[in-house]
Amino acid sequence: MQQKQSIGVFDSGYGGLTILKEIVKELPQYDYVYLGDNARTPYGNRSFETVYQYTLQCVERLFAMNCNLVIIACNTASAKALRNIQQVDLPKKYPDKRVLGVIRPTTEIVGKYTKTGHVGVLGTKGTVASNSYPIEIEKFFPEVNVFQEACPMWVPLVENNEVNTIAADYFVKKNLDNLFAKSSKIDTIILGCTHYPLLAEKIKKYIPENLTLLSQGEIVAKSLADYLKRHSEIEYRCSKGGIIDFYTSDSAENFNNAASLFFGQEVKARHLDF
Ligand code: DGL
C-alpha cells in the first residue's frame with residue numbers, strides 16, 4: 001500500500017478552509033492535511049519577520065507529517081513568507097518539497113475579467129503593505145491599474161462570528177467607499193484574504209451589480225489541478241485516499257465549533273503543539 005503523502009494546506013487560522021473546501025471539490029481523490037495556526041492568529045498586522053518565522057514553522061510541521069506539497073492558503077503569509085521559503089529554505093533544506101501560494105493564481109487571470117482596466121484588491125494590512133498584488137498583476141497585465149484597501153476589521157468580524165451585524169455593515173461599507181474613492185472605474189474586485197468569502201453577501205450589498213467579485217477558492221483549486229497535471233513528478237507522490245486530517249495550534253474544541261462555517265461541513269481537528 002502507498003504510504004500516506006497528503007497535500008498540506010496551511011493558514012493562520014480558519015480562512016484557508018475556504019480554499020481547502022474548493023480544492024477538495026475539484027480534487028477529491030487526494031489526501032489532505034489542514035493546519036490552522038489559530039494560537040497565533042491573526043497574522044494580518046504582524047511584521048514581515050514574524051509572519052515568515054511562523055509560516056516556516058508551520059510548513060516544516062506539514063513536511064514532517066509527510067506532505068511533499070504545501071499550499072499556503074493565506075494571503076498574508078503568501079505575501080510575506082512564500083518567496084523566502086521558495087528561494088532560500090527549500091533549495092537549502094528541502095529540495096524535493098514544493099510550496100505554493102494563493103496570490104499568483106489570482107493575479108494570473110484577473111486581466112481577463114476587467115474591461116475598464118481598474119482592479120480593486122481588498123486584503124489585510126500586511127498583504128496591502130507588501131504590494132504583492134500590484135507587483136504580480138503588473139507582470140501579467142501591465143496595462144491594469146490596481147487600487148488597494150486594507151480592511152483590518154474584517155478578519156476579527158469573521159473570526160468572532162459578527163458577520164450579520166450592524167458593525168459588519170459599517171466596516172464593509174466604509175472600506176468599500178474608501179476603495180471606490182481611489183477609482184470609480186473599478187469593475188473587478190479581488191477578495192485578497194481567505195476570510196473574506198464569508199463576507200461576500202455583505203460586500204455585494206455595497207457594490208454595483210455588474211462588478212466582478214473574485215473569491216480565490218475556485219481559482220486556487222483550478223490552478224492546483226493544472227499544476228499537478230504539469231508536474232507528474234509531484235503528483236505521483238500524492239496519495240489518493242480522499243482523507244482530510246485537520247490540525248490546529250489552539251484548542252481543537254474551539255476550532256471544531258467555528259471551522260464548519262468556513263468549510264461547509266463538520267470538522268474534527270486535533271491539537272498540535274509548537
Ligand atoms: N486568512 C489570512 C489572509 O488570507 C488573514 C488572516 C490573518 O490576519 O491572520 O490574509
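Below, each value reflects all heavy atoms present in this structure, side chains not excepted, and no hydrogens, waters or symmetry copies. Note that ligands are numbered from 1 as they come in the structure, with each ligand's atoms numbered from 1 the same way. Treat the numbers as computed from the prediction; the structure is a model and nothing was measured.
- For the pair Arg98 and Tyr227, the NZ or CZ position fails the cation-pi test of under 6.0 Å to the six-membered ring centre and within 45 degrees of the ring normal.
- Backbone and side-chain nitrogen or oxygen atoms of Ala73 are examined, and none is located within less than 3.5 angstrom of a nitrogen or oxygen of ligand 1.
- Counting protein heavy atoms only, atom 8 (O) of ligand 1 is closest to Gly44 N, 2.8 Å.
- A donor-acceptor contact closer than 3.5 angstrom is absent between the side chains of Asn68 and Tyr94.
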Checklist entry - Are Asp37 and Gln57 close enough, and set up right, to give a side chain to side chain donor-acceptor pair (under 3.5 Å), and what steps lead you there? => result CA-CA 10 Å; Asp37 191 10; Gln57 260 183 25; over 6 Å; no

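- Residues Val155 and Phe255 share a single hydrophobic cluster, defined by chaining ILVMFWY side chains whose heavy atoms lie under 4.5 Å apart.
- Geometrically, ligand 1 and Thr124 share no nitrogen or oxygen pair separated by less than 3.5 Å.
- Residue-level proximity to ligand 1 for Ser12 is carried by the side chain, the only part with a heavy atom below 4.0 angstrom.
- The backbone N or O of Gly16 lies less than 3.5 Å from a partner atom in the side chain of Tyr34, making a donor-acceptor pair.
- For Thr194, heavy-atom contacts with ligand 1 shorter than 4.0 Å involve the backbone as well as the side chain.
- Here Asp11 has side-chain heavy atoms under 4.0 Å from ligand 1, and that is the only part of it that gets that close.
- For ligand 1, none of its N or O atoms has an N or O atom of Thr127 under 3.5 Å away.
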